[in-house]
> 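Submitted below is the structure of interest, expressed as structure tokens.
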Amino acid sequence: MILILVPNTRPESPEYRQLLAYLANLPGITTRIHTEIGAEQTLTELYLIGNTKALSTEEISILPCVERVVRISEEYRVLGRHQNDGRSSSFEYNGVLFSQDSLHVFAGLCAVDTIEHVEIMMKALRAEGQVCTRMGAYKPRTSPYSFQGHGKNCLPYVFDLAGKYGIKVIAMEITHEGHLEEIRTALHQTGNATGVMLQIGTRNTQNFELLKIVGRQQTFPVLIKRGFGITLDESLNAAEYLASEGNRKVIFGLRGMKTNMGDPHRNFVDFAHVPVVKRLTRMPVCIDPSHSVGTRADSPDGILDIMHATAQGVIAGANMILVDFHPVPSKALVDGPQALLMKELPQYLEDIQIAREAYLK
Ligand code: E4P
Ligand code: PEP
């Protein structure tokens with residue numbers, strides 16, 4: 001059950017305290033408070049957790065400060081698509097609007113390697129009018145001997161260059177709670193207007209303690225990827241961890257599934273699930289054709305498999321595309337074989353536009 005309070009309810013007001021005291025006395029029910037401070041008003045919601053079936057909606061709705069009560073029995077309590085609960089499904093971050101209707105391309109480096117490559121990438125994005133990118137600083141690798149990313153050492157120049165080229169949002173994976181502070185500090189020190197979308201990679205989809213910590217902060221939005229070897233329901237519940245802790249700025253990423261059946265692609269492309277996720281939840285949905293397909297292979301029509309997969313995802317209604325590019329893929333320290341070439345960027349963006357228009361028709 002969610003109690004939506006009258007806007008601008010003050011935590012120190014006697015009525016609010018009275019409400020909390022009443023809720024604290026309900027047997028077997030705990031209350032989690034979610035507050036969103038907007039430019040014009042502060043909105044507070046109280047989530048009642050436990051067996052709320054026995055509670056009367058009528059009784060709760062006349063308690064002080066309560067504007068509305070939403071009874072939610074379905075799964076994905078916060079992120080689920082419950083009819084008529086009046087909650088918005090979109091959010092704005094650093095001037096970029098994310099919703100189930102928008103589409104943003106996050107083309108960039110899978111892993112930051114050199115400052116020169118970062119600059120080439122960002123310059124190319126600006127030339128194409130792009131304001132979002134992906135930049136991997138912390139890399140989760142299969143082998144402990146593989147390059148693990150430059151970590152916090154690369155953040156100052158990544159953020160500086162992003163500022164220089166007008167990049168507003170950088171998707172960046174974190175694999176440990178300590179990375180949050182490193183990103184915060186570096187952003188603060190570079191002091192430009194760039195923002196970061198935290199990425200929870202497929203290997204950490206069910207790292208529940210990390211999810212709780214990332215969910216408790218509301219500075220950064222979060223892209224959480226589907227776990228490559230678990231059910232969709234399990235991955236959606238992982239996203240719900242973020243939201244249940246307070247962060248609703250969550251995007252869900254599809255990046256292909258492991259089948260272990262000798263597939264021609266690195267993973268089995270699952271972009272047909274874009275509309276499924278949009279039907280079940282209010283999250284914008286991202287596709288990652290690079291990690292799904294994993295190769296620059298092309299079909300007899302001369303079109304790259306990554307482009308085909310991208311178009312499939314866009315036609316299915318994707319809201320975000322995370323895609324690897326690299327100035328010299330043979331020199332990339334991570335995932336070079338799936339990186340698109342810089343000269344392919346304009347055509348790639350044009351093809352996305354065509355697919356998007358077809359989707360919108
Ligand atoms: C890159 O984005 C990941 O870190 C990479 O796909 C991990 O895979 P690998 O370590 O098996 O190369
Ligand atoms: C990535 O996007 O850099 C990445 C590691 O992806 P995934 O978690 O999908 O493997």
Side-chain angles (χ1 to χ4, degrees), residues 2 30 32 34 47 49-52 72-82 85 87 89 98 100 138-142 171 173-177 179 197-217 220-261 263 265-294 309 312-313 316-320 322:
I2 300 178
T30 51
R32 194 174 286 161
H34 174 77
Y47 301 135
I49 297 158
N51 185 6
T52 55
I72 289 174
S73 55
E74 297 89 343
E75 288 199 285
Y76 326 130
R77 292 182 180 203
V78 183
L79 295 172
R81 181 170 282 287
H82 310 294
D85 65 3
R87 289 177 295 158
S89 62
F98 295 91
Q100 286 196 336
Y138 308 97
K139 297 306 299 178
R141 302 306 303 277
T142 304
E173 178 164 0
I174 61 164
T175 55
H176 186 273
E177 59 182 278
H179 301 156
M197 176 183 288
L198 301 175
Q199 190 176 317
I200 302 288
T202 195
R203 292 158 185 80
N204 274 310
T205 306
Q206 285 190 310
N207 183 340
F208 299 116
E209 297 312 312
L210 181 63
L211 296 178
K212 285 183 202 167
I213 288 163
V214 171
R216 272 177 216 139
Q217 63 75 41
F220 305 111
V222 187
L223 163 65
I224 180 168
K225 296 229 193 146
R226 179 182 194 169
F228 52 32
I230 57 176
T231 65
L232 181 62
D233 173 61
E234 286 163 335
S235 291
L236 295 178
N237 270 298
E240 184 71 14
Y241 261 89
L242 297 164
S244 70
E245 292 291 336
N247 194 335
R248 298 233 194 113
K249 297 173 192 159
V250 183
I251 294 180
F252 188 79
L254 297 171
R255 47 83 68 215
M257 303 294 291
K258 275 197 190 306
T259 64
N260 291 325
M261 289 195 284
D263 295 320
H265 290 156
R266 188 178 185 188
N267 289 289
F268 195 79
V269 180
D270 54 353
F271 299 165
H273 288 180
V274 171
V276 178
V277 178
K278 288 172 88 168
R279 187 164 68 234
L280 293 173
T281 78
R282 294 171 297 127
M283 287 184 280
V285 181
C286 173
I287 52 164
D288 178 344
S290 305
H291 287 80
S292 300
V293 171
Q312 286 161 19
N319 307 112
M320 172 172 163
L322 198 68

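The basis for the numbers below is simple: all heavy atoms, side chains too, and nothing from hydrogens, waters or symmetry mates.
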> Check side-chain contact (heavy atoms from CB on, under 4.5 Å) between R216 and all other residues, then give those that pass, not counting sequence neighbours.
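R216: side-chain contact (heavy atoms from CB on, under 4.5 Å) contacts with K212, I213, E245.
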> Using modelled atom types only, decide if a donor and an acceptor are shared between the side chain of E240 and the backbone of V78 within a distance under 3.5 Å.
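Looks like yes, one N/O pair under 3.5 Å.
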> Please list, chain by chain and in numerical order, all residues satisfying salt bridge (Lys or Arg N to Asp or Glu O under 4.0 Å) with R226, sequence neighbours excluded.
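In terms of salt bridge (Lys or Arg N to Asp or Glu O under 4.0 Å), with neighbours along the sequence ignored, R226 is linked to D270.
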> Working to the nearest 0.5 Å, report the span between CD1 of I251 and CD1 of I224.
12.0 Å
> What's the shortest heavy-atom distance between T205 and T202, and which atoms?
OG1-O, 3.2 Å
> Nearest 0.5 Å, what's the CZ-CE distance between F98 and M320?
6.5 Å
> Please, which pairs that meet ring-ring contact (aromatic ring centres under 6.0 Å, His included) have at least one residue in residues 227-259, sequence neighbours excluded?
F208-Y241
> For the atom pair CG (L223) and CE (M283), what is the distance rounded to the nearest 0.5 Å?
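Answer for the CG-CE pair, L223 versus M283, is 10.5 Å.
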> Listed by chain and number, what are the side-chain contact (heavy atoms from CB on, under 4.5 Å) partners of P140, not counting sequence neighbours?
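For P140 the side-chain contact (heavy atoms from CB on, under 4.5 Å) partners, ignoring immediate neighbours, are E173, T175, R203.
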> Which heavy-atom pair separates L322 from A171 by the least distance, and what is that distance?
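Looking at all heavy atoms of both residues, the shortest contact is CD1-CB, 3.9 Å.
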> Can you name the residues that form a side chain to side chain donor-acceptor pair (under 3.5 Å) with T259, not counting sequence neighbours?
D263
> Looking at every heavy atom in both V277 and V285, which two are closest together, and how far apart are they?
CG1-CG2, 3.7 Å
> Does a side-chain heavy-atom distance below 4.5 Å link R248 with L242?
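No - every pair of side-chain heavy atoms lies 4.5 Å or more apart.
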> Enter the distance from S235:OG to R255:CZ here, rounded to the nearest 0.5 Å.
10.5 Å
> Taking all heavy atoms of V293 and all of A309, pick out the closest pair and write down the distance.
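For V293 versus A309, the nearest heavy atoms are CG2-CB, 3.7 Å.
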> When rounded to the nearest 0.5 angstrom, what distance separates OG in S244 from NE2 in H34?
11.0 Å
> Not counting sequence neighbours, which residues clear side chain to side chain donor-acceptor pair (under 3.5 Å) with Q312? List them please.
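With neighbours one apart ignored, the set is empty.
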> Identify the heavy atoms of I287 and P289 that sit nearest to each other, and give their distance.
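Shortest heavy-atom separation between I287 and P289 comes out as O-CD, 3.5 Å.
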> Any non-hydrogen side-chain atom of Q206 less than 4.5 Å from a side-chain atom of I230?
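Yes - at least one pair of side-chain heavy atoms lies under 4.5 Å apart.
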> Determine yes or no for a side-chain-to-main-chain donor-acceptor pair under 3.5 angstrom, with S292 supplying the side chain and V269 the backbone.
no
> Looking at side-chain heavy atoms only, is the closest gap between L79 and L236 below 4.5 Å?
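Answer no - side chains too far apart.
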> Do you know the tightest heavy-atom contact between P275 and A316?
CD-O, 3.7 Å
> Is it the case that the side chain of T281 and the backbone of G80 share a donor-acceptor pair, with hydrogens and angles ignored and the cut-off at 3.5 Å?
no
> Tell me, which pairs form a ring-ring contact (aromatic ring centres under 6.0 Å, His included) where one or both residues lie in residues 265-294, sequence neighbours left out?
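ring-ring contact (aromatic ring centres under 6.0 Å, His included) check on residues 265-294 returns no pairs.
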> Applying the side chain to side chain donor-acceptor pair (under 3.5 Å) criterion to Q100, which one of R282, R81, K278 satisfies it?
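That would be R81; it is the only one of R282, R81, K278 passing the side chain to side chain donor-acceptor pair (under 3.5 Å) with Q100.
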> What's the separation between atom CD1 in I200 and atom CG in N207, rounded to the nearest 0.5 Å?
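Those atoms lie 7.5 Å apart.
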> For Q217, what residues pass the side chain to side chain donor-acceptor pair (under 3.5 Å) criterion, not counting sequence neighbours?
none
> State which residues pass side-chain contact (heavy atoms from CB on, under 4.5 Å) with K249; sequence neighbours excluded, sorted by chain then number.
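side-chain contact (heavy atoms from CB on, under 4.5 Å) list for K249, sorted by chain: F91, P221, N247.
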> Just jot down the side chain to side chain donor-acceptor pair (under 3.5 Å) partners of N51, sequence neighbours excluded, or say none.
none
